[in-house]
Amino acid sequence: MTDAEWAAIRPLLPVPGWMRGRGGRPEAYCHRALLDAIRYLVDNGIKWRATPADFPLWDRVYAFFRRWRDHALVKEFHDRLRGRVREKLGRDAEPTAGVIDSQSVKADAVVGSESRGFDGGKLVNGHERHVVVDTLGLLLGVMVTAADTGDRTAAQVLLAQVADAHHRVALIWADGGYTGSLVEHCLATLALVLTIVKRSDDMRGFVVLP
């Protein structure tokens, strides 16, 4: 991170327990160095053990990441960052509307058949990413399934998670793949208005819809 980036995110970091008088020991490394190592690993798709030597020891970086993951601190940090970006752009920190969509992704040959499936509509053998974003495109929820999992089936689970985490969200836009009983389910069970935005039959290729 640049000094400017670090200055922006440092106040948003979760506060360690030892700084709140709840026990535990201080980190052996600066959080900036640990976060830089994690970002490097994600960006380059390397193994933990392949972390370059100019970062902290790989097992210390992994222990830091695992602790944040297991205590939901990664999500907490992400949500704070999203709120800060929204406020900087003149929005409320918590969104009231979102968009849901999915994307099928081909899986590598070494991925076991038990965790992937065949999407007949898109002719993809692999996984499917189901994502809910706010109207700025910032992430609210994500779920990965086998590609043969239907959009409406996955949406029931994912939208329930989003509604539970973001109580002000009242409206979700979706494409024609989410029509049917899901609309009634969202309204009756989740108090969400699911609005279907359909393409006209004469549209070809990618077109931005209102």
Side-chain angles (χ1 to χ4, degrees), residues 12 14 42 68-107 111-201 203 206-210:
L12 306 178
V42 172
W68 272 37
R69 180 198 63 195
D70 294 347
H71 291 86
L73 296 181
V74 174
K75 181 180 184 302
E76 178 184 324
F77 181 39
H78 171 269
D79 289 350
R80 289 179 182 176
L81 285 171
R82 185 189 57 241
R84 179 62 60 88
V85 171
R86 288 181 56 86
E87 289 175 337
K88 189 174 181 179
L89 295 175
R91 308 292 185 92
D92 289 337
E94 278 297 319
T96 57
V99 183
I100 187 171
D101 206 352
S102 67
Q103 179 187 33
S104 294
V105 183
K106 184 178 180 181
V111 176
S113 59
E114 69 279 358
S115 66
R116 63 175 171 176
F118 183 74
D119 182 344
K122 300 172 185 175
L123 302 179
V124 172
N125 187 355
H127 299 139
E128 189 154 12
R129 296 190 289 238
H130 307 269
V131 176
V132 179
V133 298
D134 67 7
T135 54
L136 298 175
L138 303 176
L139 191 65
L140 298 179
V142 61
M143 184 170 70
V144 179
T145 68
D148 56 358
T149 301
D151 286 349
R152 283 168 285 189
T153 301
Q156 285 195 23
V157 178
L158 181 57
L159 288 176
Q161 295 174 356
V162 169
D164 183 60
H166 304 280
H167 301 296
R168 294 190 61 197
V169 172
L171 172 64
I172 298 289
W173 285 285
D175 63 25
Y178 296 88
T179 54
S181 61
L182 180 63
V183 176
E184 289 76 20
H185 170 81
C186 287
L187 188 59
T189 306
L190 307 175
L192 287 177
V193 175
L194 184 65
T195 299
I196 306 300
V197 181
K198 294 184 177 180
R199 292 164 55 98
S200 62
D201 294 337
M203 285 185 177
F206 177 77
V207 179
V208 177
L209 301 177

For residues Ser102 and Tyr178, report the shortest heavy-atom separation together with the two atoms involved.
-> N-OH, 3.5 Å

Test Leu140 against Arg82 for side chain to side chain contact (heavy atoms under 4.5 Å, CB included), laying out the working first.
-> CA-CA 9 Å; Leu140 298 179; Arg82 185 189 57 241; 3.7 Å; yes

Reference residue Trp173; test side chain to side chain contact (heavy atoms under 4.5 Å, CB included); the match among Asp101, Val197, Leu194 | Val197

Please check if atom NE2 in His78 has more than 12 non-hydrogen atoms from other residues, nucleotides or ligands closer than 6.0 Å.
-> yes

Ile100 side, atom CD1; Leu158 side, atom CG - distance, nearest 0.5 Å | 5.0 Å

What heavy-atom pair brings Arg86 and Pro95 nearest, and what distance separates the two atoms?
-> NH2-CA, 3.5 Å

Minimum heavy-atom distance Leu192-Leu171, with the two atoms named = CD2-N, 4.5 Å

Could you tell me whether Arg84 atom CZ has more than 12 heavy atoms of other residues or ligands within 6.0 Å of it?
-> no

Polar side-chain atom of Arg69 near backbone of Val74 as donor-acceptor pair, under 3.5 Å | no

Give, for atom CZ of Arg91 and atom CG of Leu138, the distance between the pair rounded to the nearest 0.5 Å.
-> 9.5 Å

Salt-bridge criterion met for Arg168 and Asp92 (N-O under 4.0 Å) | yes

Without swapping roles, check the side chain of Arg152 against the backbone of Leu182 for a donor-acceptor pair under 3.5 Å.
-> no

How long is the gap from NE2 on His167 to CD on Glu94, to the nearest 0.5 Å?
-> 8.5 Å

Answer whether the closest heavy-atom distance between the side chains of Lys198 and Thr179 falls below 4.5 Å.
-> yes

Do Cys186 and Ile172 come within less than 4.5 Å of each other through their side chains, counting heavy atoms only?
-> no

Would a 4.5 Å heavy-atom cut-off, applied to side chains only, mark His130 and Asp151 as touching?
-> yes

Per the side-chain hydrogen bond (donor to acceptor under 3.5 Å, both in side chains) rule, which among Glu128, His127, Arg129 passes with Gln103?
-> Arg129

Closest non-hydrogen atoms of Leu12 and Arg80, given as atom of the first, atom of the second and distance, are O-NH1, 2.9 Å

